[in-house]
Visitor: 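Take a look at the following structure, please.
Fair warning: this is a prediction, and the values are worked out from it, not measured in the lab. All values below were derived from every heavy atom in this structure, side-chain atoms included, with hydrogens, water molecules and symmetry-related copies excluded. Reminder, nothing fancy here: chain letters follow the sequence lines and each chain counts from 1.
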Amino acid sequence: MDDLTKEFIAESQEGLDRMERCLTELEVRPQDSAELVGDIFRTVHTIKGTTGFLGFSRLEKLAHAGEHLLGSLREGKLSVTEDLISGLLQLLDGLRAILQLIEESGTEGTRASDDDSELIAHLAELNSEDPLHTDAPASVQPVAKNIQANAAVPSTSSVNNNDKTLRIDVDVLNRMMNLVGELVLTRNQMLQGGVESTANFAELARRLDSVTADLRETVMQARMQPVGNLFGKFPRMVRDLARTCGREVRIEFFGQETGLDKSLLEAIKDPLTHAVRNSVDHGIEPAADRILAGKSAEGCLTLRAFHQGGSVVIEVCDDGGGISMEKVRAKAVERGLVSPEDASQMSEREALQLIFLPGFSTASAVTTVSGRGVGMDVVRANIEKVGGSVELESKLGVGTTLRLRVPLTLAIVPALVVRSGGQSFALPQTTLVELVYIPSRDAAHAVEHIGGAEVFRLRERLLPIVCLDRLLGLKNATDRHGFYLAVLEAEGCRYGLVVDDLLAPEEIVVKPLSSVLRDIGLFSGATVLGNGTLALILDIAATAARAGVKPVIDDEMDDAVTDQTMRDDHQSFLVFEDKARERTALPLGLVERIESVPLSQVEYANGRALLQYRGELLPLRDEGHVIDELYAESDNMDAAATILICGEPGAKNARRLGVVVRRVLDVSDGALLNDSSVIEDAELALVKNRLTTVFRGFDIKPDWKEVA
Amino acid sequence: MKIVEQLSIDEEDETLSLCSMFAGQDSYGIATGKIREVLGMRELERVPMAPAFVAGVVPYRGDVITTVSFRAILGLPECAETGCVLVLDDNDGQERFGLMVDSVGGVVTVSKKMLEDNPCTLEARGRWLFDGAYKMSGGLMIQLDPQKLRPSRLSESGLFSQITVGGAS
């Protein structure tokens, strides 16, 4: 195919995308028809003109028929009706199909099935129709069905096209070129300076560092695409869906300009399409039901995109019937996913999680659109594959919100580098829940066996464990100085991965592997570490599947609550020292992680210490003035403070808090002292027979206070 | 256009420059045009669970490329020392991959006339890998076709997935 044809196809497809948007808009706002029809007319006219020039006569013929119809519409001879819009959409699909054919084969097709006469006749019929005549002619039906069947075709063609080309702002490109120039200059200086000019080296390295950082940022920026590009496909889809399902749906967008990496945009496309489809088919009720429920007949589907703490959130929100927990429970039992006893004991939150299990569908009837049980589990798997997460909120009778949270970019991910069997592996931080160190003296009895399976008792729950070296067939390290257990969670599977050693957490640049190595199915890529060596990136979900770990329903929150209510006289504490000579404790369930943070990262605003932690702003509590002391002790900013990251377990959106401590002492069981009259305003506990104060900074969580 | 084609055919008729390399007792040659870079001795990062013919991965110009162990393909026991890595390019640059051999000699210019086809007694694996041999004064230099050495082709051929390598753990 020559360049001219390629260019023509790219341009035409863009024009058709625009035409699609205009058409759906035209249906909603017929009063603005003049401008919209003009726009559509121009698109079709351009295609017709260029095809004649390139010699695609079939395309030209169809475009001509369309142009004729649009001409009448523009002159006001016809009025905008649903049938007319449908006819024009068929024209659009027809044009797209031919364009796709040209793109694939270079010709516009001469087979019998490639005949457009039916469609052309239909368009002519629409043209000759009396504007006031509203009854649909009988011949419309078969054509409409025909087109419905082909509805899947155009979407794939546009994907192919988008994959190959990308529009970049010339300014961004110029900036990139400048930075590359700068890079070359710095290199020249380095080469010319040679080894002897070490005095200059530090400065050159610094310059190189800043140029690289700038270049990285600029390239990232170039890859960013507005989410609106993706949203643009939905009005048409929702319109078609609404008609097949017999619903009245209006679609609204917010935050279309939010930027997202191109590869991510592609990755979330299918899950998002699925979610929108679900909302229209299951979420929004038929008009009659809506009126009975006191809502407007027309349902509203809202797509919203926005940035939140280093990730992009995309919400699919409908004002439909919501999800009935009773139905969900009943269905899960019916499909054998949970036992009836378990189902009746589930909280609403847990029941909602059932929707993400494979093989689940609440639709009472299986329709062509959805309800075949391939659904939310696939959505979740796809989103988690790119390091994102899915949340679902639903209120019966009010509506459902599905929240997709995806990272800004795929190319660079924070990861923890571990060693096993003499090799380095990277674990994505998003999947990492916690780390447990098991010293060699405990190693023998820390791992227990049930048959051939190994488990670890983590806070009185059995956690399946997987030995990475054994799973990968690596050499077993003989001199064990204890081992580390990385508790990982992906696609609902939670397990402990046994590794020999932990290396530094690093921001890694993901490099794809060749197909032979991808076929192993355990590695999602590779990366070059700071020290120049390579590390493979472990695919956490695939590893779980390989080791046979099955997804479990996350009932941790419920557990934590029962833990605290049922055993409030006796519970596990993390014991630490914050004030000098005083032992303080926190219930272990509240501590998410223990971090060692350089003092330079502790920032101040309005007199309060704050920490930027994984895109979140954590207030720091420093009751023992540890930070001040650290400053006094050392002049440089390299000193590190130990910070406990505390939060309410289970609730993801709860506020978290950082507690600065002198050092962490121990984890042990202890009993609360009920007789706390000795000291006012302080909870005391006996931990290992030593008096310990229970940390009270957590007044943001009232029910906890009550218990403690 | 035509003249250029004519020239290249003429050239090809007479001589060819090969890069010589060694594995085990024999010497092999690959057309220099197919070689992108000789990286020299490199420590490779092994990939667990990978097919036996994969020696590991190596970073190269911002990519991580899969490296084929030539000794493993030949069924020779693995060398204790690290090998010499060459980066080979596919014609269309689709799949860049590495080849690990014991050592790399240099560029040798050979005449096309010196090439002789594979002997008919060669077993299947050899028939797949070798592309005839040049009769050099110091011994035979076996010609390799980089296309056939591509990791994806090797795994497709099914000839090398079961090979047992002496030194592999």
Side-chain angles (χ1 to χ4, degrees), chain A residues 180 183 212 215-216 219 411-412 417-426 466-478 499-500 508-539 542-543 545-547, chain B residues 39-69 72-73 78 82 85 87-90 93-100 146-161 163-165 167-169:
Chain A
V180 170
L183 204 61
T212 326
L215 192 61
R216 187 178 100 174
V219 175
I412 297 174
V417 184
V418 301
R419 277 188 86 77
S420 179
Q423 283 195 262
S424 305
F425 297 95
V466 177
C467 282
L468 187 60
D469 47 3
R470 212 177 305 151
L471 184 78
L472 298 180
L474 293 169
K475 273 178 278 206
N476 225 328
T478 41
V499 297
D500 298 342
I508 57 167
V509 181
V510 181
K511 304 281 180 200
L513 289 172
S514 68
S515 61
V516 175
L517 301 182
R518 263 202 309 272
D519 287 346
I520 303 172
L522 288 176
F523 309 108
S524 52
T527 185
V528 182
L529 299 178
N531 60 8
T533 58
L534 277 175
L536 294 161
I537 303 164
L538 211 59
D539 185 332
T543 309
R546 183 68 60 93
Chain B
L39 294 179
M41 294 294 175
R42 278 295 175 93
E43 191 99 38
L44 292 181
E45 179 76 16
R46 296 192 143 276
V47 180
M49 316 293 281
F53 60 79
V54 174
V57 283
V58 71
Y60 176 70
R61 306 241 167 124
D63 276 331
V64 170
I65 60 173
T66 309
T67 302
V68 173
S69 163
I73 312 180
E78 210 168 325
T82 52
V85 177
V87 180
L88 302 175
D89 227 347
D90 203 3
Q94 283 284 311
E95 192 183 1
R96 202 177 269 176
F97 68 98
L99 182 71
M100 190 173 77
Q147 286 294 320
K148 297 274 181 71
L149 291 172
R150 267 163 50 191
S152 54
R153 288 286 292 274
L154 287 174
S155 73
E156 271 167 31
S157 75
L159 292 168
F160 307 97
S161 45
I163 46 174
T164 48
V165 183
S169 50

Visitor: How would you list, by chain and number, every residue that makes a side-chain contact (heavy atoms from CB on, under 4.5 Å) with P146(B), sequence neighbours excluded?
Guide: I30(B), K34(B), L88(B)

Visitor: By the definition side chain to side chain contact (heavy atoms under 4.5 Å, CB included), identify the one residue from L536(A), L522(A), D469(A) that meets it with P48(B).
Guide: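 Running side chain to side chain contact (heavy atoms under 4.5 Å, CB included) over L536(A), L522(A), D469(A) with P48(B) returns exactly one hit, L536(A).
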
Visitor: Are the side chains of S514(A) and I65(B) in contact, using a 4.5 Å heavy-atom criterion?
Guide: no

Visitor: Restricting to non-hydrogen atoms, name the atom on M49(B) and the atom on L471(A) that form the minimum distance, rounded to 0.1 Å.
Guide: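 Reported closest heavy-atom pair: SD-O, 3.7 Å.
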
Visitor: Report which part of R546(A) has an atom under 4.5 Å of a heavy atom belonging to chain B: side chain, backbone, both, or neither.
Guide: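 R546(A) touches chain B through side-chain heavy atoms alone.
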
Visitor: List the atom of I520(A), the atom of A50(B), and the distance in Å for their closest heavy-atom pair.
Guide: CD1-CA, 3.5 Å

Visitor: Where on L513(A) is there a heavy atom nearer than 4.5 Å to chain B: the side chain, the backbone, both, or neither?
Guide: side chain

Visitor: Mind ranking L517(A), V528(A), T527(A) by heavy-atom pairs under 4.5 Å with chain B and telling me who comes out on top?
Guide: L517(A)

Visitor: Could you list the residues that satisfy side-chain contact (heavy atoms from CB on, under 4.5 Å) with T533(A), not counting sequence neighbours?
Guide: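 Residues passing side-chain contact (heavy atoms from CB on, under 4.5 Å) with T533(A): L529(A), N531(A).
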
Visitor: Which heavy atom of V64(B) sits nearest to which heavy atom of K511(A), and what is that distance?
Guide: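 Closest approach of V64(B) to K511(A), heavy atoms only: CG2-CB, 3.5 Å.
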
Visitor: So which atom in E45(B) and which in Q423(A) form the shortest heavy-atom distance, rounded to 0.1 Å?
Guide: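 That would be OE2-NE2, 3.0 Å.
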
